[in-house]
Amino acid sequence: MLASILSYIPGWGVFYQAGIALLVPIIASRLYKTLHSYVGSGRGPQASGNGKVSNRRAQSDTALPQTAPPAAAFSGNFAADLHFIKEAIGGNSDLHFREFTLTKLQAKGVLMYVDGMQNDRLLNLKMMQFLMFEATAESLSASGIAEHLLPFSNLREASNLEELNKSVLFGHAALLIEGMPKGLLIQLPGGPNRAIAEPVSEALLRGPRLGFSEVLSENTSMLRRQGFSDQLELKTYRAGSSVQKDLVVAYIKDIVNPELLEEVQTRISKIDIDFLAESGYIEQLIEDNYLSPFQQVQSTERPDRVITALLEGRIAILLDGTPFALIVPVTFSMLLQSPEDYYDRWLPGSFLRMLRFSAAFMALMAPSLYISFISFHPGLIPTELAITIIKTRQGVPFPSLIEVLILEISIEILREAGIRLPKPIGPAMGIVGGLIIGDAAVNAGIVSPFLVIVVAVTAISSFSIPMYSAGITLRLLRFAGMIFAAILGMFGTILFFLLICSHLTRLKSFGVPYLTPVSPFRPRDWKDLFFRVPLAMMKRRPAMMKTKNSKRRS
């Protein structure tokens, strides 16, 4: 009797696994808090518990009063001012000084501009010809020149010589005329730009073929051309301490939450960096939790995605020099949605969206489940399938973890090589390389054929995620899940999934919970989550955005 009872008591290995399963989340939580407090002491803007932005470096800078040196004013002497300008910026080889004489005004003048940043045709045929031969004896005040002589809309006075120098280097043309008390700044944008093309990273079968370019003015005009609205507002900021760039914050005035807008503007104003090479810099500097593997800012090349996000109460950030705009706040479900879900009818759109959620789960958990079943719980596999898998693994010299790592790392290397190679040979190299390596590895007995199927399904599933950066996150976490599964089996796989869910429930993007509307539970927003209801039933904007106007027309 006692012996039969003792036979049902698990062995010491089960208790050992249970003890480790209890210690892992405690150690992970302590490690996360230690890293967060250590790195947070020297990083940029981070969100505090009350939703405000804290920046120790910015606070220390403002604590010390600083007075800027007085800017050099115009002297009124043409030769002296021109000499000061040449001394300050004349060493630039791409800066042109075109000196000329205004015939009818009997005065000297000089036109300054940077090569490639102005419309040379307008400068030479219109402006120079007009000034040299057609300008009449008008008042030589700056207002008189601007008002009566020069037929340009974007023209203004420079308040001092330093402003004139900076503006010339930033792309303006500067005009200095003898007898005129101040210089004039004229903006005639020009220079080589690439043609507007279809977005590369967000291709659609049905939808607009228009994508952002690297020119900020073109991108803002694309937003304007999405539809006529007097509520679309664009605010321009200049960021960067050594090399400055313009960025634009876009929102719908009568929809956006004022607190969200203030938070975005605060974080942008506290960016302290030498140069913003790409919008990814902004994304890393304004996100709530930089230690999280999940992105809290969405990037896109599509103007239609941006305008629909603005109509939901979100805010877009556009940076000069990059075709990728940023959307905040973001939730996890947004990363698995595609604009095509709304362009197709609701049944196909819902089916494809649920397919993507299933593919995301497979891309994250399939290798971990394979290791758990093969190494620890083969009894959970149907008998006939288990026999088939055992036959395919005969002769494989490595444990399941090493077997999976060999194949997964090979796939990742092939994927990265296919991206970096020239476009004509990149896709061919990936396909041929995958076939050759997979077939050779199976024939050599390094991996089993069943594992090749699992890894192939995992790779294909990761390709179905619309956001490339979200796919990278799942690929990275997949390796962590495999280690959990190799140590604790199915216990480790479940623990890994619960840790991911626990982290996502605590993560926020500009004050919006990352798993909304699942957690916190908002049943009204489930109409556009795993499936999409017909447009006629989507009468309200997402409740999580707390917009001024919650009703929308559908």
List for me each residue that meets salt bridge (charged side-chain N to carboxylate O under 4.0 Å, His left out) alongside Glu259, sequence neighbours excluded, and say none if there are none. none
Just to verify, what does Asp341 make a salt bridge (charged side-chain N to carboxylate O under 4.0 Å, His left out) with, not counting sequence neighbours? Arg353, Arg356
Checking the side chain of [X] only, and the main-chain atoms of [Y] only, is there a donor and an acceptor separated by less than 3.5 Å?
X      : Y      : result
Arg541 : Leu311 : yes
Glu340 : Leu205 : yes
Thr516 : Val512 : no
Lys235 : Val249 : no
Glu283 : Ser279 : no
Asp525 : Ala543 : yes
Ser509 : Val330 : yes
Ser299 : Ala325 : no
Asp304 : Pro208 : no
Gln298 : Leu326 : no

Take Arg475 and Ile472 through the side chain to side chain contact (heavy atoms under 4.5 Å, CB included) test and state the conclusion after the steps. CA-CA 5 Å; Arg475 286 156 49 189; Ile472 294 178; 3.8 Å; yes
Do Val404 and Leu451 come close enough that some side-chain heavy atom pair is under 4.5 Å? yes
Which distance, rounded to the nearest 0.5 Å, do you find between the [atom1] of [X] and the [atom2] of [Y]?
X      : Y      : atom1 : atom2 : value
Lys508 : Ser292 : NZ    : OG    : 14.0 Å
Phe324 : Arg302 : CZ    : CZ    : 12.0 Å
Ile307 : Arg314 : CD1   : CZ    : 14.0 Å
Phe275 : Lys245 : CZ    : NZ    : 4.0 Å
Ile317 : Ile315 : CD1   : CD1   : 7.5 Å
Asp528 : Glu312 : CG    : CD    : 7.0 Å

With Phe450 as reference, evaluate Val455, Thr388, Val442, Leu385 under the side chain to side chain contact (heavy atoms under 4.5 Å, CB included) test and give the passing residue. Leu385
CA sep, side-chain torsions, deciding dist, call: Tyr281, Ile271, side chain to side chain contact (heavy atoms under 4.5 Å, CB included): CA-CA 10 Å; Tyr281 282 52; Ile271 291 177; over 6 Å; no
What's the verdict on side-chain hydrogen bond (donor to acceptor under 3.5 Å, both in side chains) for Arg415 and Ser462, showing C-alpha distance, side-chain angles and the deciding distance? CA-CA 11 Å; Arg415 191 196 317 240; Ser462 64; 3.2 Å; yes
side-chain hydrogen bond (donor to acceptor under 3.5 Å, both in side chains) between Glu202 and Thr300: does it pass, once the steps are laid out? CA-CA 8 Å; Glu202 298 174 271; Thr300 179; 2.9 Å; yes
Does the gap between the ring centers of Tyr342 and Trp346 come in under 6.0 Å? no
Heavy-atom neighbours of Lys391 NZ exceed 12 at 6.0 Å: no
Donor on one side chain, acceptor on other, [X] and [Y], under 3.5 Å:
X      : Y      : result
Glu214 : Thr322 : no
Ser241 : Asp274 : yes
Tyr237 : Gln265 : yes
Ser201 : Glu301 : yes

Trace of the ring pair (Phe, Tyr, Trp, His ring centres under 6.0 Å) decision for Phe521 with Trp526: CA-CA 9 Å; Phe521 182 67; Trp526 278 60; 5.7 Å; yes
Working for side chain to side chain contact (heavy atoms under 4.5 Å, CB included), residues Ile381 and Ile374: CA-CA 9 Å; Ile381 307 175; Ile374 296 300; 4.3 Å; yes
Intermediate values then yes/no, side-chain hydrogen bond (donor to acceptor under 3.5 Å, both in side chains), Ser519 and Thr505: CA-CA 6 Å; Ser519 175; Thr505 55; 5.6 Å; no
Identify each donor-acceptor pair in which a side-chain atom of residues 477-498 lies under 3.5 Å from a protein atom, sequence neighbours left out, and give them as a table.
residue, atom, partner, partner atom, Å
Arg478, NH1, Ala363, O, 3.0
Arg478, NH2, Glu408, OE1, 3.3
Arg478, NH2, Glu412, OE2, 3.0
Thr493, OG1, Ser372, OG, 2.6
Thr493, OG1, Gly489, O, 3.3

Salt bridge Asp288-Arg267, side-chain N to carboxylate O under 4.0 Å: yes
